[in-house]
Amino acid sequence: MTTPPPDDEVLFRKDGRAGRIVLNRPRALNALTHSMVRRIDAALRAWELDDDVATVVITGAGERGLCAGGDIRSIHADATTAGGDASAGFWRDECLLNARIAEYPKPYVAIMDGIVMGGGVGVSAHGGVRVVTERSRVAMPETAIGFVPDVGGTHLLAQAPGELGTHLALTSSSMGAADALLCGFADHFVPSDRLGALVAALATTDADAAVRAEARPAPPGVFEEWREWIDPCYASGTVEEIVERLSDTGIAAAKEAAEQIMGKSPTALKVTLRALRSARSLGALRPVLDQEFRVSCAAFALPDLVEGIRAQVIDKDRRPRWSPATLQAVTDDDVARFFAPLGDAELGLGPAAAGPAAEVSRGGARRPASGASASS
């Protein structure tokens, strides 16, 4: 199978009353390029004013997932050979797209089947109607590549019950369907063998009614039970103490979480924890996106992001050499630099136009509390 030309990396069409977006890079797990982001944004702007489009539906080509994130190979190339301007432009337009999706006035239905990570979360979990299946694996795995959750990820993680979002961010763990519902990343569970019927119904039927007809109770997850140790362990204000608490519980899953954390970039871990705590106080999505853009630009200027991509994606040796190499060596001043204003380069989204972003879906319907499935 050949790589699709740029114009075919994302497909748009009208299917009855639905505007269809199909991410079309299956060999790259539908990873987002800058061109894809700009074209999706343009389509949403056009469909917002098109009375023939009642609902927008986003899906991914292939059998593996909706989207594995942004094209991090391009970020690595930009950092090592191209001068560094392209990545900031990509992140800027990606943030603007995430805000548009979150505030979209028509039902925006995201089919979060298979792998949905990083930028894939950004184009799905801010939508008004979010569907997961038994194949869904939803994650914000940025600390594994020396980066910090972006695309509004810190907003979503900070809104998750208790300290579940902190656990997800620091360990880079993925969620199955039930846990994605619990954590507020999804609204409905639909078995994968019913997705064809759902998408067909969305062409003719009101989005909420179409989803309700196919939604089922999700198979059990693990996070509700794990909150007994997740909430007290991750409530600390420092990564060092979180790791210590996890290691001292005597619980195998908690010890495994501590080991996962210790393999991540020490700088990214400390910046991520501060970003999550700050996102809670900021509340709405727009100011969180402003903060994430500052953090992303700062991360690009330091070695861990390039090294993390090298180790995980380019050379695939899985042996990143972080700098600094330990949590203790990362100072408060090191962390503070990530949050410094960018002056004229600020994203500048500002406060949300509507009320608390965690409570109102961008299609205009109120979401279930704590991300619970409307079908459960």
(message) Does E228, at its CD atom, have more than 12 non-hydrogen atoms belonging to other residues, nucleotides or ligands within less than 6.0 Å?
(response) no
(request) Considering non-hydrogen atoms only, spot the tightest contact between A158 and A279 and give its length. (result) CB-CB, 3.9 Å
(message) Membership question, hydrophobic clusters at under 4.5 Å side-chain separation (ILVMFWY): are V56 and V116 in the same one?
(response) yes
(request) Indicate yes or no for a side-chain donor-acceptor contact from R17 to the backbone of T205 under 3.5 Å, with no hydrogens or angles considered. (result) no
(request) Kindly assign one of parallel, tilted or perpendicular to the pair W229 and H167, based on the angle between their ring planes and the thresholds 30° and 60°. (result) perpendicular
(request) Check each of V109, L23, L44, V10 against I58 using the side-chain contact (heavy atoms from CB on, under 4.5 Å) test, and report the only one that passes. (result) L23
(request) State, to 0.1 Å, how close N98 and G122 come at their nearest heavy-atom pair, and which atoms those are. (result) ND2-O, 3.1 Å
(message) Per the salt bridge (charged side-chain N to carboxylate O under 4.0 Å, His left out) rule, what does the pair list look like for residues 149-171, sequence neighbours excluded?
(response) E163-R277, E163-R280
(message) Assess the residue pair D71 and R25 against the criterion (salt bridge (Lys or Arg N to Asp or Glu O under 4.0 Å)); give the C-alpha distance rounded to whole Å, side-chain angles, the decisive distance to 0.1 Å, and a yes or no.
(response) CA-CA 11 Å; D71 188 348; R25 299 183 70 210; 3.6 Å; yes
(message) Would you say that V313 contacts R73 through its side chain, given a criterion of any heavy-atom pair below 4.5 Å between the two side chains?
(response) yes
(message) Looking at P287, is its backbone amide N or carbonyl O close enough to the side chain of D290 to form a donor-acceptor pair, meaning the two atoms are under 3.5 Å apart?
(response) no
(request) Verify the distance criterion only: is there a donor paired with an acceptor across the side chains of D113 and S192 at less than 3.5 Å? (result) no
(message) Under a 4.0 Å threshold between the charged nitrogen and the carboxylate oxygen, would D41 count as salt-bridged to R45?
(response) yes
(request) Kindly indicate whether the side chain of W47, heavy atoms from C-beta on, has any atom under 4.5 Å from the side chain of L49. (result) no
(request) Please report the shortest heavy-atom distance between S124 and R130, naming the atom on each side. (result) O-CG, 3.5 Å
(message) Is there a side-chain contact between P266 and T326 in this structure, where contact means two heavy atoms from C-beta onward sitting under 4.5 Å apart?
(response) no
(message) Taking L327's backbone N and O only, do any of them form a donor-acceptor pair with K270's side chain (distance below 3.5 Å, no angle check)?
(response) yes
(message) Counting C-beta onward and ignoring hydrogens, is there a side-chain heavy-atom pair between W91 and L289 closer than 4.5 Å?
(response) no
(request) Could you tell me whether E9 and R39 have a side-chain N and a carboxylate O separated by less than 4.0 Å? (result) no
(request) Start with the C-alpha gap between I309 and L305, add the side-chain angles, then the distance that decides, and say whether side chain to side chain contact (heavy atoms under 4.5 Å, CB included) holds. (result) CA-CA 6 Å; I309 297 173; L305 175 57; 3.8 Å; yes
(message) As a quick check of understanding, evaluate salt bridge (Lys or Arg N to Asp or Glu O under 4.0 Å) for E240 and R245, giving each step before the final call.
(response) CA-CA 9 Å; E240 291 93 332; R245 291 182 183 184; over 6 Å; no
(message) Using modelled atom types and a 3.5 Å cut-off, is there a donor and acceptor pairing between side-chain atoms of E94 and backbone atoms of V37?
(response) no
(request) State the CD1-CG distance between I314 and D317, to the nearest 0.5 angstrom. (result) 11.0 Å
(request) For the pair K255 and I251, evaluate side chain to side chain contact (heavy atoms under 4.5 Å, CB included) and give the outcome as yes or no after the intermediate values. (result) CA-CA 6 Å; K255 183 178 179 181; I251 298 171; over 6 Å; no
(request) Apply the test salt bridge (Lys or Arg N to Asp or Glu O under 4.0 Å) to residues R337 and D333: give CA-CA distance (whole Å), side-chain angles for both, the deciding distance (0.1 Å), then the verdict. (result) CA-CA 6 Å; R337 291 189 190 100; D333 286 343; 5.4 Å; no
(request) Could you tell me whether the side chain of H155 and the main chain of G283 form a donor-acceptor pair under 3.5 Å? (result) yes
(message) We want to know whether S323 and E307 form a side-chain donor-acceptor pair, criterion being a heavy-atom distance below 3.5 angstrom.
(response) no
(message) Looking at E225, I'd like to know if its CD atom is crowded, meaning that more than 12 non-hydrogen atoms belonging to other residues, nucleotides or ligands lie closer than 6.0 Å.
(response) no
(message) Tell me whether L11 shares a hydrophobic cluster with L195, the cluster being built from Ile, Leu, Val, Met, Phe, Trp, Tyr side chains joined at under 4.5 Å.
(response) no
(request) Using a 4.5 Å cut-off on heavy atoms from C-beta on, say whether the side chain of F147 contacts that of V295. (result) no
(request) Specify the closest pair of heavy atoms between A169 and P149, including all atoms of both residues, with the distance to one decimal. (result) CB-CG, 4.3 Å
(request) Take atom CD of Q328 as the centre, draw a 6.0 Å sphere, and report whether it contains more than 12 heavy atoms from other residues, nucleotides or ligands. (result) yes
(message) Minimum heavy-atom separation for C233 and T249, please, with both atom names.
(response) SG-CG2, 3.5 Å
(request) Would you check if the side chain of R194 reaches a backbone N or O of R216 as a donor-acceptor pair within less than 3.5 Å? (result) no
(request) Please tell me if the side chains of K106 and T55 come closer than 4.5 Å, counting only heavy atoms from C-beta onward. (result) no
(message) When you measure from the side chain of Y108 to the backbone of V123, do you find a donor-acceptor pair of N or O atoms at a distance under 3.5 Å?
(response) yes
(message) Has E292 got a side-chain atom pairing as donor or acceptor with G152's backbone, closer than 3.5 angstrom?
(response) yes
(request) Check the surroundings of atom CZ in R319: do more than 12 heavy atoms from other residues, nucleotides or ligands lie under 6.0 Å from it? (result) no
(message) Donor-acceptor check, side chain of D78 to backbone of S87, threshold 3.5 angstrom: yes or no?
(response) yes
(message) Looking at D8, is its backbone amide N or carbonyl O close enough to the side chain of N24 to form a donor-acceptor pair, meaning the two atoms are under 3.5 Å apart?
(response) yes
(request) Could you pull out the closest heavy-atom pair between L156 and G184, with the gap in Å? (result) CD2-O, 4.3 Å
(request) Check whether the side chains of T272 and T143 place a donor and an acceptor atom closer than 3.5 Å, and report yes or no. (result) no
